Number of protein chains: 2
Amino acid sequence: MARLGELERAVMDVLWARGTPEPPSDGATVREVTDALADRDLAYTTVMTVLDRLAGKGMVVRQRDGRAWRYQPAAPREAYIAQLMLEALDIAQAGEAAAETGDRGAALVRFARSVTGQEAELLRAALEEQSRPAGEGT
Amino acid sequence: MARLGELERAVMDVLWARGTPEPPSDGATVREVTDALADRDLAYTTVMTVLDRLAGKGMVVRQRDGRAWRYQPAAPREAYIAQLMLEALDIAQAGEAAAETGDRGAALVRFARSVTGQEAELLRAALEEQSRPAGEGT
DNA sequence: GCGACTCTACTACGAGACGTCGTACGACCC
DNA sequence: GGGTCGTACGACGTCTCGTAGTAGAGTCGC
């Protein structure tokens with residue numbers, strides 16, 4: 001996954017905030033993003049460049065809307081974050097054989113100990129759900 | 001936490017591989033790291049520079065050993081990884097109020113669904129252990 | 001005591017990522 | 001038909017990182 005710079009992340013935040021990915025959202029135009037980041041006082045073209053680079057990285061997708069483009073996140077924020085977490089976990093594989101749960105396990109344990117109780121609960125629930133056959137109503 | 005380049009990570013891997021942090025380990029010298037990375041055919045000073053930068057980033061600590069320095073990881077690999085994971089999770093807070101489990105929760109759920117069954121088990125066990133009073137013998 | 005090693009400290013340089021724009025130019029609205 | 005708005009490109013400065021070279025000081029064998 002692509003690594004994002006500070007401004008790039010800010011732009012993604014704007015997009016994530018207003019356009020959920022799969023559910024139909026019209027996304028945002030360069031102008032809209034620029035306005036959303038008004039406090040940064042950025043040139044219109046700066047935002048355009050960033051959006052363009054984000055598209056190049058596959059972080060956003062765009063579609064024509066008249067003469068302009070509308071950008072929206074290629075994936076929801078959670079997916080991006082989960083991806084980053086998995087990548088972090090992967091560096092535990094340092095030249096060692098895969099499938100082996102060495103440092104990965106240790107890292108997971110450390111991680112589990114670091115999340116707040118509330119989040120631990122969420123994580124536990126998610127794991128639970130995953131191990132279930134799944135498909136239960138609400 | 002500092003972000004590491006490719007070579008920096010390789011060097012950290014060497015250090016992590018030979019010098020566990022807290023337990024007394026004498027760490028490795030520039031020479032030793034260079035030898036460990038012999039296949040890369042790097043100049044001695046290249047490794048020295050990298051180790052120096054790593055020290056500047058707080059990733060390694062060093063102590064004199066005669067005229068030379070001995071480097072060792074400032075923290076074990078698992079700690080680094082767990083830290084990266086937590087940081088990834090933190091970007092879920094995008095300008096929103098903290099303490100709220102919005103995207104963080106969603107990200108955790110995504111993550112939970114992505115780890116392999118074996119790791120999910122490990123994670124579950126770690127969470128379990130965390131919620132326990134802890135302090136049980138072996 | 002001198003020369004060959006070995007280490008460290010600095011300095012450097014090129015590539016690539018990123019923040020930040022400017023310019024040129026086509027499309028639209030009134 | 002002249003502003004306005006949007007796009008496409010190109011650019012530049014700063015940082016990070018990989019990669020080293022050089023200078024100079026400490027060490028050891030003879």
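Here the structure is a predicted model, which means the values were calculated and not measured. Naming convention: chains lettered A, B, ... in sequence-line order (proteins, then strands); numbering from 1 in each chain.
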To the nearest 0.5 Å, how far apart are [atom1] in [X] and [atom2] in [Y]?
| X | Y | atom1 | atom2 | answer |
| --- | --- | --- | --- | --- |
| A:R124 | B:E128 | CZ | CD | 6.0 Å |
| A:E87 | B:I81 | CD | CD1 | 12.5 Å |
| B:Q72 | B:M59 | CD | CE | 13.5 Å |

Next on the checklist: Using a 4.0 Å heavy-atom cut-off, does B:T49 contact any base of the nucleic acid, only the sugar-phosphate backbone, or nothing at all?
Outcome noted: base
Checklist entry - Just checking A:R62: base, sugar-phosphate only, or nothing, at a heavy-atom cut-off of under 4.0 Å? => result sugar-phosphate
Taking [X] for its side chain and [Y] for its backbone only, find out whether a donor-acceptor pair lies under 3.5 Å.
| X | Y | answer |
| --- | --- | --- |
| A:T45 | A:M48 | no |
| B:T46 | B:L42 | no |
| A:R64 | A:R67 | yes |
| B:R62 | B:R70 | no |

Value in whole Å for how far the [atom2] atom of [N] lies from [atom1] of [X]:
| X | N | atom1 | atom2 | answer |
| --- | --- | --- | --- | --- |
| B:R64 | D:dA25 | CZ | C1' | 11 Å |
| A:D35 | D:dG6 | CG | C1' | 14 Å |
| B:M59 | D:dT16 | CE | P | 16 Å |
| B:L51 | D:dT19 | CG | P | 14 Å |
| B:R40 | D:dG18 | CZ | P | 8 Å |
| A:D52 | D:dG6 | CG | P | 16 Å |
| B:L54 | D:dG18 | CG | P | 9 Å |
| B:W69 | D:dG26 | CH2 | P | 15 Å |

So, is [X] near the phosphate of [N], with a side-chain N or O under 4.0 Å from OP1 or OP2?
| X | N | value |
| --- | --- | --- |
| A:Y44 | C:dT20 | no |
| B:T46 | D:dG18 | no |
| A:R31 | D:dC5 | no |

Item to check | Quiz item: A:T45 side-chain donor-acceptor pair to C:dG22 base, under 3.5 Å | outcome: yes
Item to check | B:L89 versus B:A107, closest heavy-atom pair with distance | outcome: CD1-CB, 4.0 Å
Item to check | First of B:A68 and A:V50 reached from the 5' end of DNA chain C, by closest nucleotide | outcome: B:A68
Item to check | B:E8 with B:K57: basic N within carboxylate O range, under 4.0 Å | outcome: yes
Next on the checklist: Among residues at least two apart in sequence or on other chains, which ones pass ring pair (Phe, Tyr, Trp, His ring centres under 6.0 Å) with A:F111?
Outcome noted: none
Any protein N or O atoms within reach of nucleotides 14-18 of chain C? Criterion: under 3.5 Å, listing atom names and distances.
| from | atom 1 | to | atom 2 | distance (Å) |
| --- | --- | --- | --- | --- |
| C:dC18 | OP1 | A:R3 | O | 3.0 |
| C:dC18 | OP2 | A:K57 | NZ | 2.5 |

Below 3.5 Å is the cut-off: list the nitrogen or oxygen pairs between protein and nucleotides 24-29 of chain C, distance only.
| from | atom 1 | to | atom 2 | distance (Å) |
| --- | --- | --- | --- | --- |
| C:dG26 | N2 | A:R67 | NH1 | 2.4 |

